[in-house]
Amino acid sequence: RHTRCSRDWSSDVCSSDLAVATLNDNRPTTARRAELETLMRDSFDFRSIGQFVLGRNWDSTPAAKREEFQQAFADYSITNYAKQLASFQVERMNVQTSRPAEGGGDTIVDTAVERRGQEPAMFGWRVHQAGGQARMVDGMVNGVSLATTQREEMGSYINQIGRAHV
């Protein structure tokens with residue numbers, strides 16, 4: 001059922017169409033969640049996000065531990081967000097604008113997410129090229145970066161448990 005999208009996020013967001021179709025599918029929540037997980041693995045650059053989230057601890061973490069962290073972080077993020085998204089009643093995602101991100105190289109795609117019975121919510125997606133494909137590396141809700149929030153939480157957690165346990 002899932003088809004890979006390789007279109008440029010700044011011009012045609014086919015992944016959002018797939019996400020809306022999946023969210024509004026009449027299949028059981030677990031089936032929709034599994035499809036969302038696949039879509040998220042194809043649409044997000046979890047390697048870049050994981051490295052950003054690990055922050056200053058990246059360089060001091062042994063390569064094997066970084067790989068273990070990367071896998072656990074991607075699995076956790078995908079499971080968590082797919083579970084949350086599977087309960088949404090999204091009618092439509094409309095790209096409003098796209099613009100270069102500060103610092104260059106990436107693009108911010110502003111999207112209005114329409115949910116049944118609610119005012120549209122505005123999301124900003126930070127997108128970059130990875131492996132020849134446009135992939136998301138951050139989401140902003142009300143101006144708050146999800147990646148930055150995760151980085152702050154991870155930093156606090158690492159401070160509590162100590163770097164050796166990363």
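Note that this is a predicted model, so its numbers are computed, not measured.
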Using salt bridge (Lys or Arg N to Asp or Glu O under 4.0 Å) as the criterion, list what pairs up with [X], not counting sequence neighbours.
X    : answer
E67  : R47
E114 : R92
R126 : D106

About how many Å separate [atom2] of [Y] and [atom1] of [X], when rounded to the nearest 0.5 Å?
X    : Y    : atom1 : atom2 : value
K65  : L54  : NZ    : CG    : 12.0 Å
T61  : I158 : OG1   : CD1   : 6.5 Å
M154 : N57  : CE    : CG    : 9.5 Å
R41  : I78  : CZ    : CD1   : 3.5 Å
L146 : W125 : CG    : CH2   : 7.5 Å
M93  : R115 : CE    : CZ    : 10.5 Å

**OP:** Could you pull out all residues at least two apart from S156 that satisfy side chain to side chain donor-acceptor pair (under 3.5 Å)?
**Re:**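 So S156 forms no side chain to side chain donor-acceptor pair (under 3.5 Å) with any residue.
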
Original post:
For N80, what residues pass the side chain to side chain donor-acceptor pair (under 3.5 Å) criterion, not counting sequence neighbours?
Top reply: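 Checked N80 against side chain to side chain donor-acceptor pair (under 3.5 Å); matches are Q84.
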
Original post:
Is the side chain of Q133 donor-acceptor paired with the backbone N or O of D42 at a distance under 3.5 Å, no angle test?
Top reply: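 Yes; at least one donor-acceptor contact below 3.5 Å.
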
What residues form a side chain to side chain contact (heavy atoms under 4.5 Å, CB included) with [X], not counting sequence neighbours?
X    : value
Q51  : W58, Q70
A130 : D45, H128, R135
F73  : F46, I49, V53, F69, S77, Q150
E152 : T148

Original post:
So with a 6.0 Å cut-off around CD of Q118, is the heavy-atom count from everything else above 12?
Top reply: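 Above 12, so yes.
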
Does [X] belong to the same Ile/Leu/Val/Met/Phe/Trp/Tyr cluster as [Y], with side-chain heavy atoms less than 4.5 Å apart forming each link?
X    : Y    : value
F44  : V95  : yes
V141 : V113 : yes
M136 : Y76  : no

Subject >> Minimal non-hydrogen separation, R56 against R151, with atom names >> reply: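 Taking every non-hydrogen atom into account, N-NH2, 3.9 Å.
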
**OP:** Please report the closest heavy-atom contact between A147 and D138, naming both atoms and the distance.
**Re:**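 Scanning both residues, the minimum pair turns out to be N-OD1, 2.8 Å.
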
Original post:
So which pairs with a foot in residues 99-118 pass ring-ring contact (aromatic ring centres under 6.0 Å, His included), sequence neighbours left out?
Top reply: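 ring-ring contact (aromatic ring centres under 6.0 Å, His included) check on residues 99-118 returns no pairs.
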
Original post:
Is there a side-chain contact between T111 and Q96 (heavy atoms, below 4.5 Å)?
Top reply: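 Result no, sub-4.5 Å side-chain heavy-atom pair not found.
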
Original post:
By the rule that ILVMFWY residues connect when side-chain heavy atoms come within less than 4.5 angstrom, directly or transitively, which residues belong alongside I108?
Top reply: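 Direct or chained contacts put I108 with M140.
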
